[in-house]
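Scroll down for the structure; my scribbles are underneath it.
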Amino acid sequence: MLTITPFNTLEAAGTAVLTLTEGLEKQEFLASRLTRAETRRQIHLMSASTALLSQQTQDRMAEIDWEGWRILDQRLGIRDKAEDTLLWLAIRALVPDTLMWLRVYRKNQPEWFRGEAEIHHPTMSPATGARP
């Protein structure tokens, strides 16, 4: 049985991003409307998954740029010329780095992945579980 978790989504979407953009130069990527749209969608899935992880989980995995994912998600909501640069930086740095660290953590701390990470729902208080 396949369990959908933030880590599984991060890994699947990250792998999709790397597959979609493999061998492309920046101008080729930007010229491909379909590849760009699907890559953007996959990167959004990744950033949304990171938002589901509790602060405690993120703190245990300090090498991953959680703040970078938060900022990227907020910034990609604004469609402008800077989006091209942000997408390219995510493709070339943030996505591969995140995948590399997830592999390291999965190998060195497999228990973190067995029950998966503590997840909080963004409409609930992570501390109390109360809804706003």
Side-chain angles (χ1 to χ4, degrees):
M1 177 172 102
L2 176 65
T3 303
I4 298 174
T5 64
F7 290 142
N8 289 343
T9 302
L10 273 169
E11 290 173 327
T15 300
V17 167
L18 296 183
T19 301
L20 286 163
T21 60
E22 183 177 9
L24 293 180
E25 295 298 323
K26 184 177 182 181
Q27 292 309 318
E28 293 173 301
F29 169 73
L30 295 176
S32 177
R33 190 175 46 93
L34 294 174
T35 299
R36 188 167 174 253
E38 181 58 17
T39 300
R40 187 181 191 289
R41 188 180 78 79
Q42 294 293 333
I43 287 174
H44 177 70
L45 282 172
M46 292 182 77
S47 63
S49 295
T50 65
L52 294 174
L53 297 170
S54 71
Q55 189 60 51
Q56 180 183 7
T57 297
Q58 291 181 15
D59 290 346
R60 289 189 306 195
M61 302 172 139
E63 289 83 3
I64 294 177
D65 187 1
W66 303 114
E67 182 68 6
W69 281 109
R70 188 186 66 72
I71 291 168
L72 178 66
D73 191 49
Q74 290 174 348
R75 190 59 188 83
L76 287 179
I78 304 167
R79 298 205 184 230
D80 62 9
K81 295 270 184 190
E83 180 183 47
D84 295 344
T85 300
L86 290 171
L87 281 172
W88 192 248
L89 287 173
I91 291 165
R92 291 297 178 234
L94 192 57
V95 171
D97 288 351
T98 299
L99 290 176
M100 179 200 64
W101 281 111
L102 284 175
R103 276 188 232 111
V104 168
Y105 286 124
R106 192 177 291 277
K107 180 180 177 189
N108 295 333
Q109 303 293 336
E111 66 277 5
W112 292 0
F113 293 82
R114 278 196 271 281
E116 285 297 333
E118 292 179 36
I119 299 171
H120 73 271
H121 190 279
T123 60
M124 290 184 207
S125 164
T128 65
R131 294 184 183 271

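As a basis for the values below, the full set of heavy atoms in this structure was taken, side chains included, without hydrogen atoms, waters or symmetry mates. Numbers here simply count residues along the sequence, with the first being 1.
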**Message:** Does Thr85 form a side chain to side chain contact (heavy atoms under 4.5 Å, CB included) with Lys26? I'd like the steps, not just the answer.
**Reply:** CA-CA 9 Å; Thr85 300; Lys26 184 177 182 181; 3.9 Å; yes

**By ring-ring contact (aromatic ring centres under 6.0 Å, His included) - contacts of Trp88 (at least two apart)** =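 Applying ring-ring contact (aromatic ring centres under 6.0 Å, His included) to Trp88 gives Phe29.
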
**Asked** Under 4.5 Å between any side-chain heavy atoms of Arg106 and Glu11, yes or no?
**Response** yes

Within this structure, what is the [atom1]-[atom2] distance for the pair [X] and [Y], rounded to the nearest 0.5 Å?
{"X": "Ser32", "Y": "Glu38", "atom1": "OG", "atom2": "CD", "answer": "11.0 Å"}
{"X": "Trp101", "Y": "Asp65", "atom1": "CH2", "atom2": "CG", "answer": "12.5 Å"}
{"X": "Leu72", "Y": "Glu67", "atom1": "CG", "atom2": "CD", "answer": "11.5 Å"}
{"X": "Thr50", "Y": "Gln58", "atom1": "OG1", "atom2": "CD", "answer": "6.5 Å"}
{"X": "Arg41", "Y": "Leu76", "atom1": "CZ", "atom2": "CG", "answer": "14.5 Å"}
{"X": "Glu83", "Y": "Leu30", "atom1": "CD", "atom2": "CG", "answer": "9.5 Å"}

**Asked** Among Leu102, Val95, Leu99, which one satisfies side chain to side chain contact (heavy atoms under 4.5 Å, CB included) with Leu10?
**Response** Leu102

Please report the closest heavy-atom contact between [X] and [Y], naming both atoms and the distance.
{"X": "Ala90", "Y": "Pro96", "value": "O-CD, 3.8 Å"}
{"X": "Ala82", "Y": "Arg75", "value": "CB-NH2, 3.4 Å"}
{"X": "Glu28", "Y": "Gly23", "value": "OE1-O, 3.9 Å"}

Hey, quick one: are [X] and [Y] part of the same hydrophobic cluster, counting side-chain heavy atoms closer than 4.5 Å, chains of contacts allowed?
{"X": "Leu24", "Y": "Leu18", "answer": "yes"}
{"X": "Met100", "Y": "Ile43", "answer": "yes"}
{"X": "Phe7", "Y": "Val104", "answer": "yes"}
{"X": "Leu45", "Y": "Val17", "answer": "no"}

**Asked** Is Glu25 atom CD crowded by more than 12 heavy atoms from other residues, nucleotides or ligands, each under 6.0 Å away?
**Response**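 Incorrect, the count does not exceed 12.
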
**Request:** Would you please say whether a donor-acceptor pair under 3.5 Å links the side chains of Gln74 and Arg70?
**Result:**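 Yes, a side-chain donor-acceptor pair sits under 3.5 Å.
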
**Item:** Working for salt bridge (Lys or Arg N to Asp or Glu O under 4.0 Å), residues Arg36 and Asp84
**Value:** CA-CA 9 Å; Arg36 188 167 174 253; Asp84 295 344; 2.4 Å; yes

**Asked** How far apart are the C-alpha atoms of Thr21 and Arg92, what are their side-chain angles, what is the distance that settles it, and do they pass the side chain to side chain contact (heavy atoms under 4.5 Å, CB included) test?
**Response** CA-CA 9 Å; Thr21 60; Arg92 291 297 178 234; 4.3 Å; yes

**Request:** Without swapping roles, check the side chain of Trp66 against the backbone of Met61 for a donor-acceptor pair under 3.5 Å.
**Result:** yes

